[in-house]
Peer 1: 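Have a look at the structure that comes next, please.
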Amino acid sequence: MVKFAVVVFPGTNCDFETERAIRKAGAEAERVWYKRSLKDFDGVILPGGFSYADYLRAGAIAARQEIMEEVKEFAREGRPVLGICNGFQILTEAGLLPGALRPNKIPRFLCRWVHLRVADNETPFTSLYEPGEAIRMPIAHAEGNYYTEDPSKVRVVFQYSDEKGNVTEKANPNGSVLNIAAVANEKGNVLGTMPHPERASDRFLGSEDGLRVFKSMAEWVRR
C-alpha cells in the first residue's frame, strides 16, 4: 500500500484534514512529528498552518530543521514532495523550489475560494487533470504573493483564473507574478501550492477538485 508522511511542525494546523484527504484518495497516511524519521514512506507532504508562528518569515524556521534533510533526499531520489500553503513557503525557504512567497499585495490575511487554471498536468500531482481546466480550491494566507526574478524559468502548475480558466489581473488575489498559485521543480516531483487541495476534497466542503492532487500522487507512486 502506498503510504505518505504528513510532517507536523509546531504550529502546523492542517495535518488532520490532509491525512483524511490522502486516505480518501486511496492511499495510507501518517502524521509524523518533525523529530521522527521519514524512513519507509513513499512520499512527503508538508501541510498548511503557521509553523513556529511564522516567526522571522513564513516557513523560515521549519525549513532549517533536521527533518528537511530527509525531505531533500526524497526530492533528489525523485519521490513526490508536496508543500501546501505554509508547506510551500517551507519548500522555497529550503531551496527545493524557486522563488519566494511575499506578503500579499494588499497586506491582509486572505481566506476565500478561488478558481485556478491547470497550466501543467504532466506532474505526479496533476496527471488526473485536463490541461487548461478550471478548478476551484480555497486559499488562506497572508504571505502568498509568489515572486521570482525570471518567471520564464519556473515550472508553473496552477494559475489564479476566473471560473472559465481565463488568467486575468482581476482573478489574482495576492499579486503573484503571472498569477502563479503553484509551481514545481524542473523534474516535477516537488510541488508547492498556496491553494489548499485538502480543503477541496469533499463535495460537502464545496468542491472535490483538490482530491485529484492526492489521487494523482498515489497513482504515480503505484506506477
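What's counted below: heavy atoms across the whole structure, side chains too, no hydrogens, waters or symmetry copies. Starting from 1, each residue takes its place in the sequence as its number. This one's a predicted model, so the numbers in the text were calculated from it and none came from an experiment.
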Peer 1: Is a side-chain N or O of Ser216 found less than 3.5 angstrom from the main chain of Leu128, in a donor-acceptor match?
Peer 2: yes
Peer 1: Using every non-hydrogen atom in the two residues, find where Met1 and Asp42 come nearest and quote the distance to one decimal.
Peer 2: O-OD2, 3.9 Å
Peer 1: Linking I/L/V/M/F/W/Y whenever any side-chain heavy atoms sit under 4.5 Å apart, do Val7 and Phe16 land together?
Peer 2: no
Peer 1: Dump the intermediate steps for side chain to side chain contact (heavy atoms under 4.5 Å, CB included) on Asp40 and Lys3, then the final yes or no.
Peer 2: CA-CA 8 Å; Asp40 300 327; Lys3 190 173 184 180; over 6 Å; no
Peer 1: Between atom CD1 of Ile61 and atom OG of Ser51, what is the distance when rounded to the nearest 0.5 Å?
Peer 2: 8.0 Å
Peer 1: Taking Arg222 first and then Glu219, would you say they form a salt bridge - that is, a charged N and a carboxylate O separated by under 4.0 Å?
Peer 2: no
Peer 1: Short question: side chain of Asp209, backbone of Arg136 - any donor-acceptor pair under 3.5 Å?
Peer 2: yes
Peer 1: Gln159 and Leu178: which non-hydrogen atoms are nearest, and at how many Å?
Peer 2: NE2-O, 2.9 Å
Peer 1: Please check if atom CD in Glu163 has more than 12 non-hydrogen atoms from other residues, nucleotides or ligands closer than 6.0 Å.
Peer 2: no
Peer 1: Starting at CD1 of Ile135, measure out to OG1 of Thr126 and round the result to the nearest 0.5 Å.
Peer 2: 9.0 Å
Peer 1: Please report the closest heavy-atom contact between Val156 and Ala119, naming both atoms and the distance.
Peer 2: O-CB, 3.6 Å
Peer 1: Check for a donor-acceptor pair, side chain of Arg79 on one end and backbone N or O of Phe41 on the other, with a separation under 3.5 Å.
Peer 2: yes
Peer 1: Would you say that more than 12 heavy atoms from the other residues, nucleotides or ligands in this model lie under 6.0 Å from the NZ of Lys187, or not?
Peer 2: yes
Peer 1: Taking the basic N atoms (NZ, or NE/NH1/NH2) and the acidic carboxylate oxygens, is any pair closer than 4.0 Å for Arg76 and Glu73?
Peer 2: yes
Peer 1: Between Arg199 and Cys14, is the side chain to side chain contact (heavy atoms under 4.5 Å, CB included) condition met? List the steps.
Peer 2: CA-CA 9 Å; Arg199 297 183 184 179; Cys14 296; 3.0 Å; yes
Peer 1: Hey, what's the ring geometry for Phe158 with Tyr129, parallel, tilted or perpendicular (30° and 60° as the breaks)?
Peer 2: perpendicular
Peer 1: Evaluate the criterion side chain to side chain contact (heavy atoms under 4.5 Å, CB included) for residue pair Met137 and Val213; output intermediate values, then yes/no.
Peer 2: CA-CA 11 Å; Met137 295 186 204; Val213 169; 4.3 Å; yes
Peer 1: Would a distance-only check, ignoring hydrogens and angles, find a side-chain to backbone donor-acceptor pair under 3.5 Å from Asn104 to Gly144?
Peer 2: yes
Peer 1: Run the side chain to side chain contact (heavy atoms under 4.5 Å, CB included) check on Ile90 and Met68 step by step: do they pass?
Peer 2: CA-CA 9 Å; Ile90 294 169; Met68 290 304 297; 3.8 Å; yes
Peer 1: Do Glu130 and Val118 have side-chain heavy atoms sitting under 4.5 Å apart?
Peer 2: no
Peer 1: What do you reckon, is CD of Glu28 surrounded by more than 12 foreign heavy atoms closer than 6.0 Å?
Peer 2: yes
Peer 1: Can you tell me how far the CD atom of Glu198 sits from the SG atom of Cys85, to the nearest 0.5 Å?
Peer 2: 8.5 Å
Peer 1: Show the nearest heavy-atom pair for residues Ala171 and Asp162, with the distance to one decimal.
Peer 2: CB-N, 3.8 Å
Peer 1: So do Tyr147 and Glu149 actually touch side chain to side chain, heavy atoms under 4.5 Å?
Peer 2: yes
Peer 1: Is it true that, when you exclude Arg108 itself, more than 12 heavy atoms of the residues, nucleotides or ligands shown sit nearer than 6.0 Å to its CZ?
Peer 2: no
Peer 1: Is the backbone N or O of Tyr146 less than 3.5 Å from a side-chain atom of Ser176, with the two atoms forming a donor-acceptor pair by type?
Peer 2: yes
Peer 1: When the ring planes of Tyr52 and Phe9 are compared, do they come out parallel, tilted or perpendicular, using 30° and 60° as the limits?
Peer 2: tilted
Peer 1: Looking only at non-hydrogen atoms, find the nearest pair between Ile22 and Phe214 and report the distance.
Peer 2: CG1-CD2, 3.8 Å
Peer 1: Considering only NZ, NE, NH1 and NH2 on the basic side and carboxylate oxygens on the acidic side, decide whether Glu143 and Arg102 come within less than 4.0 Å.
Peer 2: no
Peer 1: To the nearest 0.5 Å, how far apart are CD1 in Ile139 and OH in Tyr160?
Peer 2: 5.5 Å
Peer 1: Only one of Leu191, Val183, Val190, Asp120 clears side chain to side chain contact (heavy atoms under 4.5 Å, CB included) with Arg155; which?
Peer 2: Asp120
Peer 1: I'd like to know if the side chain of Asn185 reaches the main chain of Leu97, judged simply by a donor and an acceptor atom lying under 3.5 Å from each other, with no hydrogens or angles considered.
Peer 2: no
Peer 1: Tell me, yes or no, whether the heavy-atom count around Arg20 atom CZ, taken from other residues, nucleotides or ligands under 6.0 Å, exceeds 12.
Peer 2: no
Peer 1: For the residue pair Gly206 and Trp113, what are the closest heavy atoms and their distance?
Peer 2: C-CH2, 4.1 Å
Peer 1: Could you tell me whether the side chain of Arg203 and the main chain of Glu208 form a donor-acceptor pair under 3.5 Å?
Peer 2: no
Peer 1: Taking the side chain as every heavy atom from C-beta outward, state whether Arg117 and Asn179 have any pair of such atoms under 4.5 Å apart.
Peer 2: no
Peer 1: Under the side chain to side chain donor-acceptor pair (under 3.5 Å) rule, what do Thr168 and Asn166 come out as? Steps first, then yes or no, please.
Peer 2: CA-CA 6 Å; Thr168 65; Asn166 299 308; over 6 Å; no
Peer 1: Is the CZ atom of Phe204 crowded by more than 12 outside heavy atoms at less than 6.0 Å?
Peer 2: no
Peer 1: Below 4.0 angstrom, N of the basic side chain to O of the carboxylate: do Arg64 and Glu93 qualify?
Peer 2: yes
Peer 1: Nearest 0.5 Å, please: how far is CE in Met194 from CG in Leu116?
Peer 2: 12.0 Å
Peer 1: Measuring from atom NE2 of His141 to atom CG of Asn86, what distance do you get when rounded to the nearest 0.5 angstrom?
Peer 2: 12.0 Å
Peer 1: Judged by modelled atom types alone, do Glu169 and Asn172 share a side-chain donor-acceptor pair under 3.5 Å?
Peer 2: no
